[in-house]
Enquirer: 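Have a look at the structure that comes next, please.
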2 protein chains.
Amino acid sequence: MDFVNHLSTNNIKPSLQRIKIFEYLYDNREHPTVDTIYSDLVSDIPTLSKTTVYNTLKLFIDNGITSTVTIEDNEVRYDAIMEEHAHFKCDACGNVYDIEIDMSDLKFKKMNAFKVEKTNIYLKGKCNKCLITKN
Amino acid sequence: MDFVNHLSTNNIKPSLQRIKIFEYLYDNREHPTVDTIYSDLVSDIPTLSKTTVYNTLKLFIDNGITSTVTIEDNEVRYDAIMEEHAHFKCDACGNVYDIEIDMSDLKFKKMNAFKVEKTNIYLKGKCNKCLITKN
DNA sequence: TATAAAATTGTAATGATTACAAAATTATGT
DNA sequence: ACATAATTTTGTAATCATTACAATTTTATA
């Protein structure tokens with residue numbers, strides 16, 4: 001994945017901060033929060049500001065290369081994978097995993113009243129790691 | 001719907017505030033926010049406090065008669081309908097509608113790694129009202 | 001009716017996000 | 001290359017939703 005090129009082709013000038021933040025998001029698939037992104041990157045970019053993380057993520061979202069994952073009402077997570085997929089959140093360890101899904105199987109009723117542009121799915125439960133360890 | 005009985009059978013003492021808040025949630029199916037609930041009820045219960053609305057909704061959720069609807073990362077909505085259903089949010093007018101859905105049709109891959117307890121689905125797009133009016 | 005328990009309320013504290021202006025960096029025209 | 005303009009980054013302060021907490025009010029109990 002050529003991050004510089006990916007940013008450029010999406011009308012985002014590839015500054016150091018933007019490259020590093022996108023790279024982090026793309027490589028760390030656990031859907032990190034702003035705080036996690038900031039904490040993990042500040043050692044690499046000592047001048048990094050949390051405001052920059054917020055600004056940059058908003059820029060990514062506006063240009064369609066990142067999306068938010070809102071499962072809990074008190075934490076916003078970010079995801080750089082834009083292909084159709086769903087999420088699973090383990091309510092024991094709190095981790096959020098990607099899930100492959102075929103949304104074409106979904107059958108909605110009375111959908112003539114709406115023009116659907118995006119379908120979001122997330123599951124909750126226990127991941128195997130937590131089932132084995134804690135139970 | 002006998003609200004007093006519904007609260008009682010779910011281990012919630014049916015105080016005036018609790019009855020009114022649940023009644024409001026159950027009758028107003030547009031998934032209101034705390035602010036909306038408070039604003040609409042304070043004329044009816046002049047002493048009502050926003051803290052009470054927060055406390056009461058938390059109590060409802062803990063006792064399984066209400067759930068949160070988290071579609072946007074900056075607004076928490078509440079829903080008293082606990083039967084399986086999905087949501088549609090119109091990003092023109094902002095309204096959230098209920099949708100009937102058969103989740104048994106969903107096919108996930110690699111799901112052996114998880115024990116799923118709850119499936120959440122929401123769609124985004126434009127409702128017919130907005131498509132006709134604004135376009 | 002007195003006392004204890006529970007519910008409600010108002011205010012203050014918290015924490016995430018945003019606004020904003022200054023500083024730093026990068027691009028542009030000559 | 002240099003001066004100037006534009007953009008990006010940064011830090012601080014403001015905002016807003018939510019929570020903590022203690023006081024008050026209401027309800028239950030003996």
Side-chain angles (χ1 to χ4, degrees), chain A residues 3-4 6-8 10-25 31-63 65-78 94, chain B residues 3-4 6-8 10-25 31-63 65-79 94 96:
Chain A
F3 297 116
V4 172
H6 185 59
L7 294 177
S8 297
N10 285 281
N11 303 311
I12 297 169
K13 217 173 288 180
S15 71
L16 173 72
Q17 286 85 341
R18 290 168 179 178
I19 297 167
K20 292 282 187 182
I21 290 172
F22 190 83
E23 183 181 23
Y24 181 87
L25 255 191
H31 317 85
T33 63
V34 165
D35 275 337
T36 310
I37 298 169
Y38 173 78
S39 303
D40 287 355
L41 284 181
V42 74
S43 54
D44 198 5
I45 314 170
T47 63
L48 186 64
S49 155
K50 206 175 278 188
T51 302
T52 299
V53 180
Y54 277 107
N55 290 343
T56 303
L57 290 170
K58 183 174 177 1
L59 183 71
F60 289 172
I61 291 166
D62 290 347
N63 289 76
I65 63 169
T66 294
S67 63
T68 55
V69 181
T70 51
I71 296 176
E72 304 297 334
D73 55 19
N74 60 348
E75 67 172 18
V76 181
R77 290 162 172 269
Y78 295 87
Chain B
F3 298 115
V4 172
H6 185 59
L7 294 177
S8 297
N10 284 281
N11 302 312
I12 297 169
K13 219 173 288 179
S15 71
L16 173 71
Q17 286 84 343
R18 290 169 179 177
I19 297 167
K20 291 281 189 183
I21 290 172
F22 191 84
E23 183 181 22
Y24 181 87
L25 255 192
H31 317 86
T33 63
V34 165
D35 274 337
T36 309
I37 298 169
Y38 173 78
S39 304
D40 286 355
L41 284 181
V42 74
S43 54
D44 197 5
I45 314 170
T47 63
L48 186 64
S49 154
K50 206 175 277 186
T51 301
T52 299
V53 179
Y54 277 107
N55 290 343
T56 303
L57 290 170
K58 183 173 178 359
L59 183 71
F60 288 173
I61 291 166
D62 290 346
N63 289 77
I65 62 169
T66 294
S67 63
T68 56
V69 181
T70 51
I71 295 176
E72 305 297 335
D73 55 20
N74 60 349
E75 67 172 17
V76 182
R77 290 162 172 268
Y78 295 86
D79 194 341
V96 175

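Because the structure is predicted, anything quoted here is derived from the model rather than measured. What you see below is based on every heavy atom in this structure, not just the backbone, and it leaves out hydrogens, waters and symmetry mates. Convention: sequence-line order gives letters A, B, ...; per-chain numbering from 1.
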Enquirer: Within this structure, what is the CG-to-C1' distance between B:L16 and C:dT9, rounded to whole angstrom?
Expert: 14 Å
Enquirer: Just to verify, what does B:D73 make a side chain to side chain donor-acceptor pair (under 3.5 Å) with, not counting sequence neighbours?
Expert: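 By the side chain to side chain donor-acceptor pair (under 3.5 Å) rule, B:D73 matches no residue at all.
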Enquirer: Go through the structure and list residues passing salt bridge (Lys or Arg N to Asp or Glu O under 4.0 Å) with B:D62, not counting sequence neighbours.
Expert: B:K58
Enquirer: Of B:D73 and B:R18, whose nearest nucleotide on DNA chain C comes first from the 5' end?
Expert: B:R18
Enquirer: Does any part of the side chain of B:D35, heavy atoms only, come nearer than 4.5 Å to the side chain of B:K50, both counted from C-beta?
Expert: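 Yes - at least one pair of side-chain heavy atoms lies under 4.5 Å apart.
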Enquirer: What is the per-nucleotide protein-contact pattern of nucleotides 22-30 of chain D, from the 5' end, where B denotes a base atom under 4.0 Å from a protein heavy atom, S denotes such proximity for sugar-phosphate atoms only, and - denotes neither?
Expert: ---------
Enquirer: What is the distance from CD1 of A:I37 to P of C:dA16, rounded to the nearest Å?
Expert: 14 Å
Enquirer: Quick check: do A:F22 and A:T56 have side-chain heavy atoms less than 4.5 Å from each other?
Expert: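 Counting from C-beta outward, A:F22 and A:T56 never come under 4.5 Å.
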Enquirer: By side chain to side chain donor-acceptor pair (under 3.5 Å), which residues pair with B:N11, not counting sequence neighbours?
Expert: none
Enquirer: For the pair made of CD in A:E72 and C1' in C:dG15, what is the distance, rounded to whole Å?
Expert: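 Rounding to the nearest Å, CD of A:E72 and C1' of C:dG15 are 17 Å apart.
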Enquirer: Between C:dT8 atom P and B:L41 atom CG, what is the distance in whole Å?
Expert: 13 Å
Enquirer: Round to the nearest Å and state the distance from A:K20 atom NZ to D:dT8 atom C1'.
Expert: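 Rounded to the whole Å, the gap is 18 Å.
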Enquirer: Is there side-chain contact between B:T36 and B:Y24, with at least one heavy-atom pair below 4.5 Å?
Expert: yes
Enquirer: What is the minimum heavy-atom distance between B:L41 and B:L48, and which atoms define it?
Expert: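 Result for this residue pair: CB-CD2, 3.8 Å.
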Enquirer: List for me each residue that meets side chain to side chain donor-acceptor pair (under 3.5 Å) alongside B:N63, sequence neighbours excluded, and say none if there are none.
Expert: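 So B:N63 forms no side chain to side chain donor-acceptor pair (under 3.5 Å) with any residue.
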Enquirer: If you compare every side-chain N and O of A:Q17 against the phosphate oxygens of C:dT25 (OP1, OP2), does one of them come in below 4.0 Å?
Expert: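 No.
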Enquirer: Hey, can you pull the residues of residues 46-63 of chain B with a non-hydrogen atom under 4.0 angstrom from DNA chain D?
Expert: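 Within residues 46-63 of chain B, the residues near DNA chain D are B:T51, B:Y54.
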